[in-house]
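What follows is a short report on a single structure.
Lettering follows sequence order; numbering is per chain, from 1.
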Amino acid sequence: MVLASAARSTASPALIVPDEQSWLVWGFDPASDGLEPVLDWGAVRGVLVPDPMPAVLGAPLAACLSELAPTAPVMHRPVSELARSVAAAEEDVGHGNDRAHDHANHRHGHGDHGGGGDHGDGGDHGDGGDHGDGGDHGDGGDHEDMMAITGEPSGDGLVMESIDVSLGPLMSPMVAGLVAEVTLDGDVVAQCTLRALLRQPAVRLKPGGPPPDPLEPRAWAAVLASAAAAGEPPDTAGVWLRMVRVEIERATSHLAWLRSLARLLGWGELVKATRVAVAPLLAAQASLARQGGADRVSVGAVAIEPGDELAAVRELELASEALARLQRLCAGRRLASRTAGRGVVGAAEARAAGLTGPVARASGVGGDARSEDPLYRELGFEPVSGQGGDALARTLLRVAESVAAVELARGSLAHAYSGRPGRGDAQAEWVTLEGPRGPLRARRVGDCLRVDAPGREAVLRVASRAAVGLEWGSALVVLASFDLSGWQVGP
Amino acid sequence: MSYFTPLAVVGLALAAAPGVWLLEQLVAGQRPAPGRALRDLRIMLGSPLQRPESCDSALFHLAPSLLVLASVVALATVPWAPGFRGIDLQAGALLFVAALAYVTPAMVMAGWGAGRPLAVLGGFRWVALMLAYAMPLAMVITSVAAPAGSLRPTDIVRVQHAVPMAVAQPLALALWLPAVTAVCFLPPFDLPQAGGELFGGVFAEYRGLDLALVALAQRVLLLAVSGMTAALFLAGWEWPLLPPAVWMGLKTAAVAWLLLWAGRRFPRVAVDRALSLAWRVANPLSMLAIVYAGLLTLLFYR
Amino acid sequence: MSDLATAIVFWPAVGLMLAAAVFVFITSSMARAGLLLLASLAIEGLVFLALGSRFLGFLQLLMMSGEMVIMVFFMVMFMPDPGGLMGMDMTHDKRRSATVAVAVTAALGLVAVLTDWPARVVGRGAPDVRAIGFEVMGRSMISFLFAGMTILLAMVGGVLLAKHGGRFGLPAAGDEQSGEHSPPEERS
Amino acid sequence: MISLPVVLAVAALLFGVGVYGVLGQTNTIMIIMGVELMLGAAMLNVVGFLRYSHPHATSGDFFVLVLMTLMALEGAVGFALVVSVFRSRRTSEADDLTELSG
């Protein structure tokens with residue numbers, strides 16, 4: 001979950017958004033408008049909330065707002081209008097705070113500090129009782145336990161006062177809906193528990209249902225659309241185009257993840273490099289969105305000139321160049337200094353835990369659902385595989401996969417326009433596709449699509465294990481390196 | 001104390017804010033929008049102070065002032081031009097380091113006063129880091145002072161008439177730059193507030209005037225540190241053709257630009273790595289730098 | 001510095017220094033105690049300045065900041081009640097120690113006031129920093145070396161006492177296992 | 001006008017506060033604080049003597065330097081002891097450490 005704000009501005013409106021993956025697949029890149037995550041809550045002068053938010057996040061959101069912006073206007077906007085609203089909110093702040101509380105009907109109670117539970121950046125405000133007795137100063141809820149600490153000592157055997165910190169589900173480097181409960185021993189993580197709060201509902205295939213949830217894992221939109229199409233009659237160009245979009249989406253998702261990692265690392269150059277690489281991908285996605293199917297992708301999208309089909313080819317070429325530069329940047333020692341050797345998941349552990357997707361491939365185990373696909377094989381697809389299983393391996397693997405994905409997209413785009421025959425069989429009950437975070441198994445039930453993602457819980461377990469024993473900053477980097485999601489996916 | 005010009009120093013400190021802001025915008029590749037910055041400032045100053053939910057709001061509200069005081073004293077020791085300087089003392093370079101040393105208690109007060117786990121953690125990181133870099137800082141000051149035979153910054157500038165210290169003692173410069181970046185809590189050493197990691201860390205709770213003071217202090221620190229770097233290593237005003245103050249200004253701006261640029265180019269250093277670098281590499285090297293400075297002085301500066 | 005300027009710096013500084021020192025042992029907050037000690041000793045640096053010892057004054061300011069801040073963090077991390085909110089009593093023998101302290105102060109104070117000290121005015125012009133350097137590297141070289149060796153010994157000893165494996169448990173190069181804790185045998 | 005007895009009296013006061021701290025506190029770190037204050041008083045004494053008797057002698061400054069080093073040393077060794085005691089006993093209270101008192 002990120003709060004976006006105008007770059008380098010000290011006082012600006014914030015935008016409560018889901019993870020950056022969702023943003024980018026909506027086709028709107030906040031960073032291209034100079035919107036950067038707020039890293040300093042004091043600077044926030046207004047809050048923009050996508051509407052509707054999942055019910056389970058209501059209380060955290062209320063707590064978050066009441067703390068973040070007691071004096072700032074809170075605006076709720078439908079997802080489709082968010083892109084425009086950001087600019088409008090900027091203006092609002094410019095004209096003073098009086099026009100504040102429009103859309104008051106959605107405002108959550110500002111006063112209920114106590115009920116909010118934890119809200120992200122420390123977790124010590126929500127549980128009001130601690131402060132009530134005047135006994136707490138934040139870094140140690142339980143003085144009784146102090147004298148009898150029995151917890152695992154950190155590497156140097158010094159048990160310091162244990163500190164409980166709760167991150168998420170909003171306002172933290174965690175993605176929306178993910179809660180991390182961390183016990184710190186001084187500055188070292190002694191314990192870590194990860195929970196995903198959200199549950200993926202069945203995806204409605206027919207239009208006309210309720211508006212899409214803004215926090216849905218939209219990074220999978222094209223993947224899901226592809227799954228939905230599995231049972232439909234063959235469509236030569238359509239099959240190839242869907243593949244293009246799946247691959248663009250994979251690259252976008254990986255790059256968006258990389259950008260949030262870069263933000264966590266405070267690495268301006270990498271943030272900029274990902275922005276440069278993402279822009280052509282978004283443009284390509286937008287121009288393809290006109291080719292029909294799955295218009296969910298184009299919510300808030302960039303306007304495309306009609307008859308601009310070949311734009312996608314050009315944009316993909318640009319993306320390919322930008323990605324090559326990005327790959328060189330990541331291969332250097334600067335990234336390794338923060339990630340190498342941290343959060344190691346050995347091959348044996350990955351296999352035993354049942355990890356899937358890029359995380360497993362970075363440990364050198366697990367396959368790629370795409371290698372079963374005859375169309376991918378026709379494009380000469382080779383699964384990318386990493387070794388070492390540390391945070392660096394996971395990062396490099398995702399970068400390499402984005403590079404490969406753009407190449408695949410270019411290949412299949414060429415096939416689409418050359419009229420090569422595609423596939424159209426797949427009457428199997430479950431269709432398995434490789435999503436950005438790992439394989440997805442989808443099944444049609446009526447006009448709904450049920451999705452199952454094997455290995456989603458495993459990754460939470462492994463990630464919490466990998467963070468233990470690390471210094472706080474490194475632990476966060478390790479957690480981020482797993483590309484976690486706030487969604488428990490299950491049928 | 002005959003040169004003491006408090007007004008000039010205060011004016012310079014206030015000028016640091018827009019000046020460094022402009023540089024920040026340029027380094028980030030953005031077009032400066034002064035109107036917007038002014039509006040932001042007005043909003044920031046207009047918002048009320050935060051009362052932290054902790055036991056120690058006195059320390060909390062004292063910290064920004066201590067930070068400003070330390071940075072302004074540091075700024076006052078910088079020799080800007082032959083006739084324009086704040087405090088020109090025999091032990092001025094020592095006072096500069098002493099002033100920088102008071103950033104540390106300010107951070108601890110801010111972190112402790114905020115009463116949040118991550119803020120305390122930010123203070124903790126800062127103490128560890130500054131402890132590790134205190135010795136390189138002091139050693140470097142000593143090694144540039146040795147050739148001049150004086151801790152007076154103006155003397156150190158004069159002794160560089162022929163060869164700037166950056167050329168004579170590159171090792172000292174290499175130790176100095178990361179250490180002063182750390183003192184200014186600029187990226188990649190922004191460990192106490194650490195954007196993505198601690199969410200503002202020690203400063204997360206500050207609002208209104210407190211926040212403005214912190215922002216001012218950081219920029220004054222950057223100006224002071226850049227100015228001192230220009231004076232100690234780049235021969236200050238001592239180059240021909242241009243007027244002295246212009247040279248000094250240009251060099252200061254160049255150093256500030258370098259520091260800000262490096263902050264964008266590198267990911268934030270990990271605490272453990274920063275500490276092990278400081279203790280295992282920077283500290284032994286600073287000893288070496290002092291031995292080298294001694295030899296240099298004996299051979300060439302007597 | 002003129003007499004007036006000296007007095008203007010000296011008296012308030014002395015007052016603040018003593019007040020801060022007393023409050024170190026009055027406040028119940030450990031963090032405040034550490035910071036007050038810092039304040040007291042830093043202000044002592046100002047007193048040095050007022051007495052005309054600039055080099056020592058600045059050095060005092062510099063040294064104390066680092067040292068006392070470490071103390072604050074030892075307080076915060078190792079004390080059962082760093083915020084001083086539980087009203088834990090950290091004193092013993094209050095009355096007796098106060099009596100002894102007053103007696104010691106009185107004795108020293110009497111010596112200070114009653115002895116016939118050479119009555120010289122405070123020296124203008126402090127010794128040159130350069131002169132101190134020559135002193136340290138010349139006549140006092142042996143004692144300086146001795147002090148240096150002592151520091152080195154104390155540093156090594158301190159590290160040995162406190163050392164207990166690395167804190168952050170980073171794996172050594174090529175070490176596949178230890179992503180988390182260092183192995184238990186290192187810890188015992 | 002500040003005379004030497006005044007400086008010495010101030011140092012005596014500071015020393016007294018330190019003595020009170022050392023005797024009256026139970027916690028090791030607080031005791032270290034008291035010792036630091038006493039050493040601070042000693043430094044003030046030396047500076048006073050230096051300034052009023054031999055204002056241009058540099059050996060006095062050197063004494064103060066040594067005292068400052070001593071303070072740092074005392075702190076460092078003290079903390080190292082606290083750390084190692086804390087590791088084995090989980091306490092930093094001096095009153096609990098009676099092993100050596102027979």
Side-chain angles (χ1 to χ4, degrees), chain C residues 3 6-7 10 14 17-18 21-22 24-25 33 37 41 44 47-48 51-53 55-56 59-60 63 67 70-71 74-75 78-79 90-94 97-98 100-102 104-105 108-109 112-113 117-118 120 122-123 127 131-132 135-136 139-140 147 150-151 154-155 157-158 161-162 164, chain D residues 1-5 7-27 29-30 32-34 36-37 40 43-44 47-48 50-53 55-59 61-62 64-66 68-69 71-73 75-77 79-84 86-87 92 95:
Chain C
D3 285 349
T6 306
F10 183 82
V14 161
M17 175 179 78
L18 290 175
V22 169
V24 168
F25 301 111
L37 185 65
L41 292 172
E44 190 180 3
V47 175
F48 290 178
L51 293 177
S53 291
F55 180 74
L56 291 180
L59 201 63
Q60 172 85 353
M63 300 270 292
E67 203 183 329
I70 302 169
M71 196 169 280
F74 267 85
M75 297 278 189
F78 290 116
M79 290 273 160
M90 307 273 291
T91 58
H92 61 174
D93 290 347
K94 236 178 183 168
S97 31
V100 174
V102 169
V104 167
T105 311
L108 288 177
V113 177
W117 301 107
R120 231 188 277 194
V122 64
I132 297 176
E135 172 76 32
V136 166
R139 260 192 322 162
S140 308
T150 320
I151 295 176
M155 271 163 62
L161 271 175
H164 212 272
Chain D
M1 182 59 226
I2 297 137
S3 60
L4 180 57
V7 177
L8 296 185
V10 168
L13 280 172
L14 196 62
F15 193 82
V17 177
V19 169
Y20 173 73
V22 170
L23 294 179
Q25 296 290 318
T26 59
N27 194 289
I29 302 181
M30 293 299 278
I32 295 179
M33 288 194 174
E36 302 267 334
L37 278 180
M43 275 196 295
L44 189 54
V47 171
L50 167 71
R51 305 300 299 138
Y52 287 92
S53 54
H56 294 284
T58 46
S59 46
D61 282 39
F62 176 68
V64 183
L65 277 181
V66 169
M68 268 184 209
T69 329
M71 274 176 91
L73 279 186
V77 175
F79 289 145
L81 281 172
V82 171
V83 167
S84 71
F86 186 88
R87 187 178 282 132
S92 50
D95 286 5

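Rounding to the nearest 0.5 angstrom, the gap separating the CG atom in D/L37 from the CG atom in C/L37 is 5.0 Å.
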Start with the C-alpha distance between D/Q25 and D/M33, add both sets of side-chain angles, then the distance that settles side-chain contact (heavy atoms from CB on, under 4.5 Å), and finish with yes or no. CA-CA 10 Å; D/Q25 296 290 318; D/M33 288 194 174; over 6 Å; no

From CA spacing to verdict: side-chain contact (heavy atoms from CB on, under 4.5 Å), D/M71, C/M63: CA-CA 9 Å; D/M71 274 176 91; C/M63 300 270 292; over 6 Å; no

Check against side-chain contact (heavy atoms from CB on, under 4.5 Å), D/V10 and C/M17: CA-CA 10 Å; D/V10 168; C/M17 175 179 78; 3.6 Å; yes

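Both the backbone and the side chain of C/L56 come within contact range of chain D, judged by heavy atoms closer than 4.5 Å. With a 4.5 Å cut-off on non-hydrogen atoms, C/V14 touches chain D through its side chain but not through its backbone. With a 4.5 angstrom heavy-atom cutoff, C/L59 touches chain D via backbone and side-chain atoms both. Only the side chain of C/V104 has a heavy atom closer than 4.5 Å to any heavy atom of chain D.
Of the listed residues C/V47, C/V102, C/V22, C/L18, the one with more heavy-atom pairs under 4.5 angstrom with chain D than any other is C/L18.
Applying the side-chain contact (heavy atoms from CB on, under 4.5 Å) test to C/A101 and every residue at least two apart in sequence or in another chain returns D/V19, D/Y20.
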